[in-house]
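Chain identifiers are assigned alphabetically (A, B, ...) following the order of the sequence lines, protein sequences preceding nucleic acid strands; residue numbering begins at 1 within each chain. Just so it is clear, the structure is predicted and the values come from calculations on it, not from any experiment.
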2 protein chains.
Amino acid sequence: MVTIKEVAKVAGVSTATVSRVVNGQGKVGDQCRARVTKIIKELGYRTNHVAVIHRKNEAKMIGLVTPKISMAFFGLLAAGAEEMARELGANLLICNSLYEVESEINAIHALVAQGCQSIILHSEYSESEQLIKLCKEVPGLVIINRFIPEISERCVWFDNNSASQACTNYMIDKGHRDFAVVSSIYQNGDPCARLLGVKQALLLRGITLSDDLLVEAGANIDGGMDATQELLDKGKPFTAIIAFNDLMAIGAIHTLHKAGIRVPEDVSVFGFDDLPMAKACLPQLTTMNYPIEGMAKYAVELSLSLVKDAPKHAKQTHLFVADLIERGSVTEPK
Amino acid sequence: MVTIKEVAKVAGVSTATVSRVVNGQGKVGDQCRARVTKIIKELGYRTNHVAVIHRKNEAKMIGLVTPKISMAFFGLLAAGAEEMARELGANLLICNSLYEVESEINAIHALVAQGCQSIILHSEYSESEQLIKLCKEVPGLVIINRFIPEISERCVWFDNNSASQACTNYMIDKGHRDFAVVSSIYQNGDPCARLLGVKQALLLRGITLSDDLLVEAGANIDGGMDATQELLDKGKPFTAIIAFNDLMAIGAIHTLHKAGIRVPEDVSVFGFDDLPMAKACLPQLTTMNYPIEGMAKYAVELSLSLVKDAPKHAKQTHLFVADLIERGSVTEPK
DNA sequence: CTGAAAGCGCTAACAA
DNA sequence: TTGTTAGCGCTTTCAG
């Protein structure tokens with residue numbers, strides 16, 4: 001590896017001068033700069049960033065901790081983060097936490113030790129207390145997708161409640177009255193907030209949701225299929241299904257199709273997230289767009305600025321809202 | 001930040017001893033080790049890995065360069081790489097190349113400068129010469145998804161040809177004779193090899209593919225829709241579509257559906273890749289499973305071993321093969 | 001078994 | 001404008 005030292009020797013200058021040339025800062029004579037530049041090229045010198053990071057104690061690395069990068073939603077999150085990171089001249093270091101509380105914490109510590117000052121964390125199960133503590137230790141830590149009042153300025157999150165109210169109202173406006181809800185079996189964060197939003201909207205419009213028509217399962221395609229089958233087995237009539245997310249909505253459509261029930265003619269199905277997959281199924285899903293890529297980009301920017309200087313607006317939080325994407329899975333009931 | 005020095009001072013030993021305790025190597029007395037361990041805990045000391053990497057000049061980081069992490073296929077690739085990296089106690093650093101030759105090279109250099117010794121590169125457009133040169137510079141560089149004979153031992157790739165022959169033969173065996181092919185407009189690597197495989201299989205079975213029934217478009221859902229529309233417009237009859245990938249296959253199904261043509265009753269559609277999305281569309285896609293996650297894991301392992309010691313079997317290459325996944329989009333022709 | 005000391009490659013005062 | 005020098009935090013001989 002060619003070092004700054006060798007360049008200096010060959011060019012007959014000091015390492016400091018080479019450093020100045022490399023970084024383009026400080027005063028350097030023109031012919032001196034030209035000669036050094038030439039030597040750098042000839043020798044194929046390349047900065048050892050590890051040394052720089054070590055020296056300056058500031059890494060241009062953004063750490064990202066999500067449960068599982070292979071899941072479509074987190075893939076999108078990572079994509080957004082990477083995009084902004086690259087835009088800001090940083091690299092993205094990713095860690096899967098696999099939904100384990102301990103690996104979340106471990107990942108964060110590992111990232112810090114790697115020199116990451118900026119970290120984006122998607123945490124569903126860690127205690128708020130734990131996260132608040134972590135935020136004190138790591139100035140560049142940003143929590144994505146969860147709101148904790150005590151550290152509101154570190155939270156980039158999403159208004160599940162109003163989004164699911166909007167989706168519910170949309171269906172009510174279409175004329176639906178008999179709703180079924182396919183929710184996630186894990187009633188933390190998102191699922192809980194969304195279910196609440198649906199119930200609230202229904203309540204406000206004077207519609208009751210029968211307990212029989214609220215079913216839970218794993219938040220994936222298979223879960224959606226199972227839950228919908230359960231719904232069908234109960235035999236209670238409904239004209240609309242509100243699914244926790246697109247995956248479950250797709251599962252619902254498949255089960256409905258197998259049972260000879262047409263979507264949307266017989267039953268409308270509403271998704272959530274607007275994954276790329278939502279466009280793949282037939283009919284294409286009407287769904288709420290969860291702007292996770294944009295949120296991730298924002299989070300990276302926020303994190304980097306947090307590292308630089310403490311937040312100006314101590315109590316500002318960062319809330320994103322949904323768009324309703326109309327496609328083909330919802331229509332008026334017969 | 002608590003350093004080894006402070007621990008040493010508090011414990012009344014030298015930094016060398018603390019280092020030995022931390023790394024569990026070298027001889028250290030029992031009570032001495034116990035005391036140091038206790039102090040480490042009390043002070044909350046945590047290794048500064050940047051310093052370690054700098055000192056040892058060996059990073060436990062795997063770099064991954066793909067065109068675009070948000071695309072499902074590359075998300076899967078990243079997921080596999082991350083999984084193996086974590087298993088091996090390493091971190092994954094990701095870079096998007098956005099299909100630009102120059103950013104590929106830049107990304108590699110940046111990664112090397114960051115201390116990455118192991119790099120997994122998915123490159124479609126760089127010249128082979130360039131990559132061969134790069135491989136000489138970077139001992140831990142592994143090329144995924146492409147075969148270059150001169151550096152065969154660095155290539156982890158996939159047998160597109162036999163896979164597409166298998167898929168074609170499968171449909172011929174079902175009784176299909178009138179084929180249409182929806183291919184990618186970019187006739188490099190994968191698309192080229194797959195198209196060749198289809199043509200070869202057809203030839204061997206004495207079936208001719210009409211030029212009219214070979215169309216090209218962007219390798220995504222919309223491209224699949226457009227290409228299929230083009231096919232329909234031409235008016236030539238066919239009973240089977242072989243699509244370049246799942247995305248195009250899904251697009252084909254949508255266009256067919258819109259035209260009132262049933263899949264698979266009227267026309268069978270074959271995909272490629274077996275993305276999670278393949279299970280989302282109706283009917284679910286019959287497709288070839290591209291084991292990209294497994295390949296990525298393998299590539300990481302290979303890369304790491306390459307860094308350690310030169311390959312034992314100089315001319316061994318690393319070829320993966322497909323599985324045919326039977327789902328609902330292919331059946332016998334009427 | 002333990003400590004002293006050199007040095008990884010780079011930057012940033014401080015001098016000159 | 002340029003050079004000298006002192007580290008960043010850690011590991012690793014080499015002595016003791």
Side-chain angles (χ1 to χ4, degrees), chain A residues 1-40 43-61 89 109-117 307, chain B residues 1-40 43-61 89 109-117 307:
Chain A
M1 183 178 230
V2 184
T3 69
I4 218 174
K5 211 162 151 188
E6 299 174 49
V7 176
K9 195 157 72 186
V10 175
V13 296
S14 76
T15 58
T17 300
V18 179
S19 174
R20 286 182 191 112
V21 172
V22 171
N23 298 291
Q25 58 193 213
K27 303 279 159 208
V28 183
D30 277 351
Q31 68 274 53
C32 176
R33 152 166 286 121
R35 193 169 68 258
V36 171
T37 309
K38 194 166 136 263
I39 307 274
I40 283 177
L43 263 46
Y45 165 80
R46 208 129 32 206
T47 308
N48 178 335
H49 284 100
V50 178
V52 177
I53 292 164
H54 179 217
R55 175 60 227 244
K56 302 218 251 187
N57 197 25
E58 59 155 70
K60 267 297 205 176
M61 280 195 280
H109 287 322
L111 253 15
V112 171
Q114 291 274 350
C116 274
Q117 312 247 62
V307 171
Chain B
M1 184 179 230
V2 183
T3 71
I4 217 173
K5 212 163 148 186
E6 300 173 51
V7 175
K9 194 157 72 186
V10 175
V13 297
S14 74
T15 58
T17 300
V18 178
S19 174
R20 286 181 192 116
V21 171
V22 170
N23 298 290
Q25 58 192 214
K27 302 281 158 204
V28 183
D30 278 351
Q31 69 274 55
C32 175
R33 152 166 287 122
R35 193 169 67 257
V36 172
T37 310
K38 194 167 136 261
I39 307 274
I40 284 177
L43 263 46
Y45 165 80
R46 210 130 30 206
T47 308
N48 177 335
H49 284 101
V50 177
V52 177
I53 293 164
H54 178 219
R55 172 61 226 247
K56 303 218 253 188
N57 197 26
E58 57 156 70
K60 266 297 206 175
M61 279 196 279
H109 287 321
L111 253 13
V112 170
Q114 291 274 353
C116 273
Q117 313 247 60
V307 172

Within the structure, does a side-chain N or O atom of Q25(B) lie under 4.0 Å from either OP1 or OP2 of dT12(D)? yes
For atom CG of D30(A) and atom P of dT2(D), their distance in whole Å: 9 Å
Of T37(B), L43(B), V36(B), which meets side chain to side chain contact (heavy atoms under 4.5 Å, CB included) against I40(B)? V36(B)
Which nucleotide sits closest to the side chain of R55(B): dT12(D), dA12(C), dC10(C)? dT12(D)
Quick one: pull up CD in E6(B) and NZ in K9(B) and give me the separation to the nearest 0.5 Å. 7.0 Å
On DNA chain D, check which nucleotide each of R20(B) and Y45(B) is closest to and give me the residue with the more 5' one. Y45(B)
Answer yes or no: does a side-chain N or O of N57(A) lie under 4.0 Å from OP1 or OP2 of dG9(D)? no
Rounded to the nearest angstrom, tell me the gap between atom CD in E6(B) and atom C1' in dC8(D). 13 Å
Rounding to 0.5 Å, atoms CG (L111(A)) and CD (Q114(A)) come to a distance of 7.0 Å
Between dC8(C) and N48(A), is there an OP1 or OP2 to side-chain N/O distance shorter than 4.0 Å? no
When you check the phosphate oxygens OP1 and OP2 of dG3(C), does a side-chain N or O of S14(B) lie under 4.0 Å from one of them? yes
Nearest nucleotide by nearest heavy atom, which residue falls closer to the 5' end of DNA chain C, K56(B) or V22(A)? K56(B)
Nearest-Å distance for atom pair NE2/C1', residues H54(B) and dT11(C): 11 Å
Using heavy-atom distances to pick each residue's nearest nucleotide on DNA chain C, tell me which of A51(B) and V13(B) is more 5'. V13(B)
What is the distance from atom NZ of K56(B) to atom NE2 of H49(B), rounded to the nearest 0.5 Å? 9.0 Å
What is the separation between atom CZ on R33(B) and atom C1' on dC1(C), rounded to the nearest whole Å? 11 Å
K9(A) atom NZ is separated from dT2(D) atom P, nearest whole Å, by 21 Å
Taking atom C1' of dC1(C) as reference, at what distance in whole Å does atom NZ of K27(B) sit? 10 Å
Rounded to the nearest 0.5 Å, how far apart are CZ of R20(B) and OG of S14(B)? 6.0 Å
Quick note, I4(B) side chain, CB onward, closest among dC8(D), dA4(C), dC10(D) is dC10(D)
Any side-chain N or O of T17(A) less than 4.0 Å from the OP1 or OP2 oxygen of dT2(D)? no
Whole angstroms only, please: what is the NZ-P distance between K5(A) and dT11(C)? 15 Å
Atom CD1 of I53(B) to atom C1' of dC8(D): distance rounded to whole Å? 14 Å
